[in-house]
Each structure stands twice: as structure tokens, then as C-alpha cells.
Engineer: 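Structure incoming, see below.
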Amino acid sequence: MERIVHVHHVDKDAYLKGNIEPDPEEVDLVFDLSPSFAEVVAQVRVELNWNEPNDGVELEGRHNVGFGMHTRWKTMRINSEQRWSVYKETVAGSQDKALELFATKTVDARIELDLNRPSSPVRERSPPPMSQEEATQSPIVQSPIAQQPPLDNEYDEHDDGDDGFEMNGNNIGDLDKYWTQEEMDHSIPYSRCYASDSDDDGPEEEVDEDGLTAKEAERAEIFKKVTGRDIRVPLFRDVSLADGAVVDGGKSFLLGARPISKRDVDATTAMISKGLTFDTFLELKIWLKEFSIKHHRPYIVVHSDLKKRYTLKCVDKRCPWVVRARPFKKGPSWHITSCVATHMCRGPKLDGKDAQPDHRQLTSEFIAYKLSAEISSLPIMSIKSVQDTVKSRFAYDVKYGKAWKAKQAAFKMLYGDWEEAYNRVPRLLLAMAATNPGMVHVVEPSATKMTLHDGKRVRVFHRAFWSFEQCTRAFEHCRPVIAVDGTFLTGQYKGTLLVAIANDASNRLVPLAFALVEIENNDNWEWFFHILRTRVIPPSKEVCVISDRHQGILNAVELAIPGHAPLHHRWCMRHFCANFYRACKSKELSDLLQDCCLAYSERRFANLYNGLLKHKDLNAGGQEFLHRHLIFNSKWARAYDEDGRRYGQMTSNMAECFNNVLKGVRALPVTAIIQYTFEKLNVYFQNYTDETEKEIANNCEFPTKVQEFMDFQARKADSQTATCYDNVDWVYQVNEPGGTTQGGVQHGGRAFRVSLKTCECTCMATQPTKGKGAWEGNDKEESVWEEAVRTVRKREKEALERKRREEIAKKKEEDDRMQRGYEEYLLRNKRRNDKLKAERDREARAKFLRSCQLEQIARERANRMHLEEVAKEAERIKEERAQAEASKTEERHHFFDSVVQLARDIREKEELAEESKKKKARGEGAFATQ
């Protein structure tokens with residue numbers, strides 16, 4: 001059928017109606033094998049003699065889409081190899097198996113010109129048809145040059161060897177002038193060539209090597225300067241200005257950027273074909289789903305058996321598209337065994353009211369698989385971001401619920417389910433500690449709660465603590481102030497994350513410790529502070545703790561641990577003022593209390609506090625709150641901060657800020673939270689290291705924040721004057737003039753008493769810390785000898801500092817060398833473990849296959865025995881049924897005989913009764929006669 005092609009080319013209307021009458025102009029093309037599209041077109045050109053270069057061939061195929069006796073013809077334009085293949089497949093599946101085409105001849109009216117070659121001479125051809133008016137006119141009188149003999153056809157330098165095709169198909173009016181122009185010598189000016197045929201004998205002047213006179217050469221130079229073109233070169237041979245050619249008279253459209261569309265199909269996407277292999281069944285399913293989504297062709301699953309086959313079909317039942325895949329015998333790999341890769345259906349609508357906004361293969365599991373890498377790198381990705389990512393990648397809008405399910409499925413792929421995440425916490429912390437020596441981690445199970453896991457009773461996760469050595473070492477160079485706080489988790493299983501945060505000289509956060517607990521209570525806070533003080537904070541370091549007034553924190557900081565320095569607790573000003581606001585219900589009074597907390601001097605505090613008590617809007621609840629907490633002013637007022645333990649920090653915003661960083665991961669499994677803290681701290685330390693190295697490279701004496709503060713104070717001191725009143729104790733009076741601040745606040749002049757020995761000032765803005773900051777010296781005046789001693793000590797200190805830096809550099813180099821060795825050791829160990837694992841896997845696989853074979857043999861043996869038993873039981877049941885049937889037959893015969901005998905007895909009795917009646921009747925008749 002595919003070797004014969006019927007071609008019609010005359011009556012297209014009859015062709016579209018199915019050619020009820022025979023077509024006498026029909027051409028039958030016969031091929032040795034099934035022809036390609038190019039072969040069909042070439043044969044049509046030969047059979048119909050359409051061989052002109054400008055002749056084009058358009059083909060339309062028809063096929064019957066009706067059923068039974070109903071005939072319905074449909075046409076299909078065929079202009080490519082793909083459409084020809086689809087047409088043959090369609091005809092093969094229809095009732096009429098004939099390949100019938102309608103060929104239409106098209107003529108390309110475009111004229112191809114070669115501007116780099118001169119015009120061709122005139123060919124001998126028939127003149128164009130003339131109208132009647134032209135025929136009645138007098139004949140054209142030709143010039144004598146037309147009587148010249150015809151051109152020699154043996155050789156012509158302008159001949160292109162094609163006698164049947166006229167390249168320049170323009171109508172020529174005056175052939176005499178045309179031939180005259182063709183006979184010109186194009187290397188000399190037109191005027192001289194044209195004059196050679198006149199009565200003039202030519203120029204009498206001398207010509208140069210180009211054949212130009214002096215005047216003509218001068219004109220050529222002027223022409224070249226004006227136009228930029230050499231007059232010696234013919235116009236159609238000069239391509240010097242071809243790069244400046246533009247399309248004139250047309251309308252241009254600029255194509256800019258646009259968003260992705262559903263009609264965009266990736267041309268690089270591999271097509272479905274027989275023989276494609278996949279490592280796993282999951283990869284096969286994901287690849288087919290992605291192919292279906294990108295090409296907007298949904299399908300249905302016909303067969304899905306992990307051990308045998310996987311078959312897909314198009315959702316349109318009339319479409320022949322199908323894909324069949326099977327697994328390999330010796331492994332998890334799959335391959336496509338057969339397929340019909342071309343869709344014959346129209347497909348879903350992509351635009352309009354009936355457009356489908358979703359795709360049946362765009363499931364939440366597929367989205368989770370494709371976006372797992374993005375969600376792993378950014379666990380706090382919002383649901384809206386998931387929807388936008390799906391829209392930009394697959395051009396489909398998914399609902400909020402599907403996007404949420406996809407994110408949860410991705411979490412399950414990455415971190416396991418919620419219960420499994422708690423089981424992974426110890427292993428995850430051990431893995432982190434293996435690559436981070438010095439890391440502190442503690443995991444405690446519950447002492448009372450038990451659950452079943454894999455058929456065993458195990459204890460339930462209770463709490464976990466972890467802290468990184470890098471943070472502990474960094475805290476040694478920070479102010480001894482930490483902020484603690486707890487933030488609740490919002491996942492499937494509720495809980496609380498406890499954090500302890502410090503800060504360095506540039507006010508950058510240094511996360512010190514983390515803990516996962518069930519709730520905030522006394523037991524959990526005491527456990528957290530006990531591990532923090534015994535395993536993270538140095539034993540001799542006194543630390544100030546800033547937090548809210550949670551009862552668990554208040555009790556935990558008061559506990560004494562033998563061998564460890566005590567903790568100094570201070571209240572967070574923000575939480576304290578918030579509690580006061582709940583008592584007084586006034587934002588203005590809360591701001592006044594905040595000013596009291598921030599006051600540096602006791603005098604300033606007393607004035608503000610008394611003004612707050614006398615405020616007209618202060619209610620009874622607010623007065624009771626202030627009186628109740630006045631005795632604890634050392635906990636919340638900076639003016640009464642004992643030993644300056646706060647270092648000027650009044651709030652626990654450090655912990656609050658880091659809690660905001662963790663806000664997005666509170667809904668994740670616990671393993672994701674722990675991994676997120678590790679990755680976030682790694683980024684922090686990398687950024688901080690880069691900033692610090694830049695400051696060291698710029699020879700900065702102090703950190704940036706400290707330098708800015710010192711510059712501010714230096715500019716402030718420019719307007720101040722100092723007067724010495726005691727040379728022994730170094731007591732000065734610093735006068736500050738009045739004026740207006742940058743905020744527009746006017747103030748009068750002030751004077752402060754400053755002692756340089758004790759580092760004290762009556763402004764109380766700078767206070768000495770207990771055991772630190774005091775000047776060492778006696779009450780005597782410094783001498784020249786003491787100045788020299790200080791100079792020598794300074795030099796020694798600088799030498800020690802240089803030596804320390806060299807030791808640090810050497811230590812760093814040694815650590816790098818050890819780290820490289822350790823990494824090489826880990827790599828070798830990993831290779832060895834991979835090799836051992838591969839061997840174990842091969843052994844296990846062989847053992848498993850052997851056990852499967854033995855199990856199959858045992859199963860077959862059991863099946864044979866069972867079949868024998870079933871056959872015996874069937875024979876026994878058959879014999880019992882035969883015996884029962886025989887007994888029933890015998891009983892039936894016996895019953896029939898009994899019935900027959902009874903009928904006979906009844907008939908005999910009736911006959912006897914009849915006979916007795918007759919006898920009686922005869923006796924009565926005789927008696928009557930007598």
C-alpha cells in the first residue's frame with residue numbers, strides 16, 4: 001500500500017469530494033520501497049513535467065475519517081517529512097488504505113540577480129504576443145547595426161549554460177540600443193564608448209594605462225571623493241558599500257523580552273524513542289512527566305507493575321500515542337521497549353475560555369522532586385515563591401494547596417518524615433562533630449515516655465543541645481554579655497528553640513549555643529544554663545545574662561555551680577517597659593520609663609523617675625508597678641548597673657534578631673533546623689572573616705564601629721575645654737559649651753569632673769568595670785624614669801605581638817597542612833569504604849539472588865505438591881458425586897416402581913368396585929322382574 005501513490009492535479013473540487021467519477025488525469029507513482037517526502041516530490045516533478053527552477057510543488061493528502069458505510073473525507077497539507085510520515089500512519093489506520101495526493105504547481109515570481117556579474121546577452125526567443133493595435137502599426141525600422149550577423153554561440157563569456165531560462169526576464173523595448181550597450185567595452189567611460197559609433201574618430205588626446213584621458217582621470221578622482229566609489233568599476237561589480245545596505249520602505253518590529261508561554265517547547269528536549277534507558281523507575285516516571293508537561297500532552301497510566309511493565313497512553317482514546325517500558329532482568333534499570341511517539345490528537349487548548357489551567361501530570365510529588373534542590377538551599381522559600389517557580393519553569397499556574405503539598409513532600413524527601421527527623425538528630429550532630437572537632441552536643445531521651453519503633457520499645461526524644469567550637473573561641477574575645485531567649489516551633493510536633501547570643505566589638509552577632517526542648521520551664525532552662533556554663537563558657541569568666549523575666553531563667557541564673565563563676569542577670573528594657581504598658585495602658589508613660597532606664601547618672605534617673613510618678617495620667621496600676629520594682633533598679637536601670645556588667649546593652653535584641661533569622665525554619669523538621677543553623681553560621685563566619693581581613697589589610701587600628709565611635713567623640717571633644725585641678729590624682733574639669741544638636745534640640749553649657757586614674761566622669765556615660773579599666777600607679781607624680789619604663793614596655797609588647805602573629809601564621813600553616821592530610825585520609829578512607837561497600841553489596845546481592853532462587857524452587861515444589869493434592873481431592877469428590885448420583889438414580893427408580901404399583905392397585909380396586917356395582921345392579925334388576 002505504501003509503495004503506490006495516486007496523484008491528482010486537475011479538478012480539486014472532485015478530489016475533495018472523493019472522486020465519485022474516475023479521474024482520467026490521475027497519475028500513479030510506483031516505488032520499490034516506501035518513499036520519503038523528497039522522493040515523492042521529485043517523482044511528481046518528473047511525471048508532471050514541472051522542472052522549471054521557479055516551479056514549486058504543494059501536496060495535499062486526503063484520508064477517510066468515517067466509520068462503516070459513512071464516508072467523511074479530511075485533507076492534510078503535506079510540506080515536510082514529519083507530516084508525510086503522520087499522513088501514512090493515519091491512512092494505515094483508516095478504512096481506505098490508498099495514498100491519494102493532490103498536487104498544485106506554484107511559481108516563484110522572485111527574480112534572482114547576481115550584482116557581481118555583467119548582464120547577459122539577449123537570447124533568441126519568441127517575441128511576446130502583440131495586441132491588435134500593435135499588429136496594425138507599421139513595422140519598426142531597424143538601424144544598420146541590426147543587420148549584423150548573429151552572435152557566435154560556440155563561446156560566450158557571459159553564457160551561463162542554461163538555454164531554457166532567462167535570468168533577467170524584463171521586457172526590452174529597443175533591441176538595437178540593448179545590443180549596442182552589450183557590445184560596449186565596460187572598462188572605458190560610457191560617453192567614449194557610445195561616441196565610437198558616431199562620426200567622431202575618437203579622442204585625439206593621449207590616454208593613461210586605464211584608458212582615460214587627463215580630463216577623464218580628473219573627473220574620476222572628483223567622482224571618487226564625492227561618492228566614495230571608483231568610476232572605473234561597474235556599478236553592479238562595486239560592493240565596497242554593501243555593508244551599509246538597509247531595507248527601505250518596510251516596517252520593522254523590535255522583538256523584546258517576554259515571559260514564558262505555554263506554547264514554548266524546548267527544542268533541545270530529547271524525543272521519546274525506543275531504547276531509552278533509565279537508572280531507576282522513578283527517573284523514568286519523572287522524565288515522562290516532564291516531557292508530557294513541556295509538550296502539553298497529558299497521558300493516562302494503563303499498566304503499572306514495578307516487576308513487569310509500565311504502559312502509558314494519550315488521554316484521547318482515538319490518539320495512537322503510546323509508550324511501553326519494562327525493567328531489565330538484572331537490575332533496577334528500565335528501558336522503553338516500544339512506542340508510538342507521534343500524537344494524532346489536537347491536544348488541550350492553551351488559550352481561551354476552554355483552556356486548561358493545570359496539567360494532570362503536574363502533581364505535588366513531581367513539583368517536589370524538581371524543586372528539591374532549590375528548597376534544600378533555601379528551606380524558608382515561601383509558597384508564593386514555589387508557585388512563581390513552577391509558573392516560570394512549566395508555564396502552569398498551580399493552586400496554593402498543591403504548592404504547599406509539594407513543599408511538604410520536598411521536606412520529606414530531604415529530611416524524612418517528622419518522626420524520622422527526631423531519630424536522625426543524634427546521627428546528624430555526630431556527623432557535624434566529626435568534621436568540627438571541639439563541637440559540644442548533648443542529646444537526652446525522655447526518662448518516662450516510650451514508643452514503638454520497628455517493633456521495639458524505645459524512649460522518646462526529649463531535648464538536644466549543640467554549640468560550635470568556632471563560636472566558643474570567638475566569645476573569648478567578646479564582651480562578657482549574652483542574651484538568651486526562646487522561640488516556639490510551628491511544625492507538626494510543637495517545641496521550643498533556646499538560643500544564647502553574644503556580640504563582638506563591631507556589634508556583629510556571635511551565636512553561642514542552641515537547644516531544642518519541649519517547652520520553656522524551670523527544668524529545661526536549668527539544663528540549658530548548666531551545659532552552657534560547664535562546657536561552653538570558661539569557668540573563671542563572669543558573664544552578664546540579659547533576658548526577659550521568665551521564671552525559669554530567673555531560677556536558673558541563681559543556681560551556683562562549684563568551680564564556676566556566677567552569672568549576673570539583667571532584665572531586658574524592652575520587655576520591662578512592655579510589662580509596664582500593660583499596667584498603665586499609656587504609650588507616653590512607657591516612653592518616659594524607657595528614658596529612666598537609659599539614664600546614665602543617678603541624678604538624672606531621680607529627676608525622670610519623680611516626674612514619672614507625678615504624671616497626671618499615671619493610674620494606680622502603674623504606680624504599684626513602679627513601687628514594686630524600684631528595689632530591683634539594678635536589674636533594669638543603667639544608672640544603677642553594678643560594676644557596669646551590661647556594657648551599655650539594655651535589651652535582648654541580639655537574641656530577638658537571630659530568632660527573626662530562624663523565623664522561616666520554625667515550621668521545618670528538627671534536622672532541617674539544626675542543618676540550617678550550621679549553614680547560616682558558616683556563611684556568617686565566612687563574611688565576617690572577609691570583612692576582618694579587609695580591615696587588617698587597610699591597617700585599621702580598631703574595628704569599624706569602634707573607629708566610628710572614637711571619631712565621633714574626637715569631633716565632639718574639639719568644642720570642649722579641659723582644666724587640670726589635681727596633678728596627683730589627674731582630676732580635670734571638662735567644660736562643654738551650649739548650643740543646638742543635629743536634631744534641633746537646644747541645651748546650655750555643662751561642666752563635668754573627670755578622673756583619669758579611676759576612669760570616672762560625673763556624666764556616668766563611661767564607668768569602670770570591676771577588676772578592669774582602672775589605671776595602675778601610685779599616688780606619686782610620674783617621673784622621666786617612669787616614662788622610659790613605659791616606652792620599653794610598649795616596645796616589648798609590640799615585639800611580643802609580632803611574635804604572636806608569627807606563631808599564629810605558623811600554626812595556621814600547620815593546621816592547613818594537617819587539614820589537607822586529614823582530607824586526604826578521609827578521601828582514602830572513603831574510597832576504601834566504598835570499595836568494601838561495593839563488595840558487600842555484591843555479596844548481599846548474590847546471597848539475595850540465591851535465596852530468591854531457593855525460595856522459587858521451594859515455591860514450585862510446594863505448588864506441584866499442592867496440585868497433586870488438589871487432583872486427588874478432585875478425584876475423590878468426583879467419585880463421591882458419582883456414588884451419590886447412582887444412589888439417587890436407584891431411589892428414583894424405586895419410587896417410580898412404587899408409584900406404578902400403587903396406580904395398579906388403585907385401578908384394580910376401581911375395577912372390583914365397578915364390577916361389584918354391576919353385579920348389584922343385575923341383582924336388583926332380577927329382583928324387580930320377579
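Starting from 1, each residue takes its place in the sequence as its number.
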Engineer: If you count the non-hydrogen atoms of other residues, nucleotides and ligands that lie under 6.0 Å from NZ in Lys803, is the total more than 12?
Structural biologist: no
Engineer: For a quick check under 3.5 Å, do Asn555 and Gln551 share a side-chain donor-acceptor pair by atom type?
Structural biologist: yes
Engineer: A side-chain contact here means heavy atoms from C-beta on lying under 4.5 Å apart; do Trp527 and Val442 qualify?
Structural biologist: yes
Engineer: Does Glu801 pair with Arg804 as a salt bridge, N-O distance under 4.0 Å?
Structural biologist: yes
Engineer: Side chains of Asn579 and Trp571: does their closest heavy-atom pair fall under 4.5 Å?
Structural biologist: no
Engineer: Below 4.5 Å, heavy atoms only, C-beta onward: do Cys471 and Leu681 meet side chain to side chain?
Structural biologist: yes
Engineer: State whether Asp815 and Lys811 are salt-bridged, where the test is any N-O pair (Lys NZ or Arg NE/NH1/NH2 against Asp/Glu carboxylate O) under 4.0 Å.
Structural biologist: no
Engineer: Short question: side chain of Arg646, backbone of Thr651 - any donor-acceptor pair under 3.5 Å?
Structural biologist: no
Engineer: When you measure from the centre of the six-membered ring of Phe576, is the NZ or CZ of Lys635 under 6.0 Å away and within 45° of the axis?
Structural biologist: no
Engineer: Do Arg427 and Glu420 sit within salt-bridge range, that is, some charged N less than 4.0 Å from a carboxylate O?
Structural biologist: yes
Engineer: Check this for me: does any side-chain nitrogen of one of Glu476 and Lys541 sit under 4.0 Å from a carboxylate oxygen of the other?
Structural biologist: no
Engineer: Describe, in one word, how the ring planes of Phe468 and Phe514 are oriented to each other, choosing from parallel (under 30°), tilted (30 to 60°) and perpendicular (over 60°).
Structural biologist: perpendicular
Engineer: Using modelled atom types and a 3.5 Å cut-off, is there a donor and acceptor pairing between side-chain atoms of Arg535 and backbone atoms of His530?
Structural biologist: no
Engineer: Test Trp466 against Met439 for side chain to side chain contact (heavy atoms under 4.5 Å, CB included), laying out the working first.
Structural biologist: CA-CA 7 Å; Trp466 69 96; Met439 176 182 173; 3.9 Å; yes
Engineer: Check the pair Leu618, Leu626 against side chain to side chain contact (heavy atoms under 4.5 Å, CB included), reporting the backbone distance first and the verdict last.
Structural biologist: CA-CA 10 Å; Leu618 184 63; Leu626 292 176; 4.1 Å; yes
Engineer: Quick check: does any side chain N or O of Arg638 sit under 3.5 Å from a backbone N or O of Cys597, one acting as donor and the other as acceptor?
Structural biologist: no
Engineer: Just so I know, are the side chains of Arg463 and Asp523 near enough to count as touching, which here means a heavy-atom distance under 4.5 Å?
Structural biologist: yes
Engineer: Anything under 3.5 Å between a donor and an acceptor, one on a side chain of residues 697-705, the other on a protein residue two or more places apart or in another chain? List them.
Structural biologist:
| residue | atom | partner | partner atom | Å |
| --- | --- | --- | --- | --- |
| Asn698 | ND2 | Lys694 | O | 3.1 |
| Thr704 | OG1 | Glu695 | OE2 | 2.6 |

Engineer: Heavy-atom distance under 4.5 Å between the side chains of Glu520 and Trp525, does that happen here?
Structural biologist: yes
Engineer: Is it true that, when you exclude Arg549 itself, more than 12 heavy atoms of the residues, nucleotides or ligands shown sit nearer than 6.0 Å to its CZ?
Structural biologist: yes
Engineer: Would you say the side chains of Asn521 and Asn524 form a donor-acceptor pair under 3.5 Å?
Structural biologist: yes
Engineer: Keeping the roles fixed (side chain from Ser467, backbone from Leu512), state whether a donor-acceptor pair exists under 3.5 Å.
Structural biologist: yes
Engineer: Pairing donors with acceptors under 3.5 angstrom, does anything connect the side chains of Asp711 and Gln707?
Structural biologist: yes
Engineer: Give the intermediate values and the outcome of side chain to side chain contact (heavy atoms under 4.5 Å, CB included) for residues Leu489 and Ile673.
Structural biologist: CA-CA 10 Å; Leu489 305 181; Ile673 296 175; 3.8 Å; yes
Engineer: For the CD atom on Glu624, are there more than 12 heavy atoms of other groups (residues, nucleotides or ligands in this structure) within a distance under 6.0 Å?
Structural biologist: yes
Engineer: Taking the side chain as everything from C-beta on, heavy atoms only, tell me whether Arg508 gets closer than 4.5 Å to Asn687.
Structural biologist: no
Engineer: What do you reckon, is CZ of Arg628 surrounded by more than 12 foreign heavy atoms closer than 6.0 Å?
Structural biologist: yes
Engineer: Just by distance, do the side chain of Asp504 and the backbone of His477 share a donor-acceptor pair under 3.5 Å?
Structural biologist: no
Engineer: Does any non-hydrogen side-chain atom of Ile674 lie less than 4.5 Å from one of Met432?
Structural biologist: yes
Engineer: Check whether any side-chain heavy atom of Glu444 sits under 4.5 Å from a side-chain heavy atom of Arg459, and report yes or no.
Structural biologist: no
Engineer: Using a 6.0 Å cut-off, check whether atom OH of Tyr640 has over 12 heavy atoms from anything other than its own residue.
Structural biologist: yes
Engineer: Do Lys407 side-chain atoms and Met381 backbone N/O form a donor-acceptor pair below 3.5 Å?
Structural biologist: yes
Engineer: Side chain of Tyr688, backbone of Val510: donor and acceptor closer than 3.5 Å?
Structural biologist: no
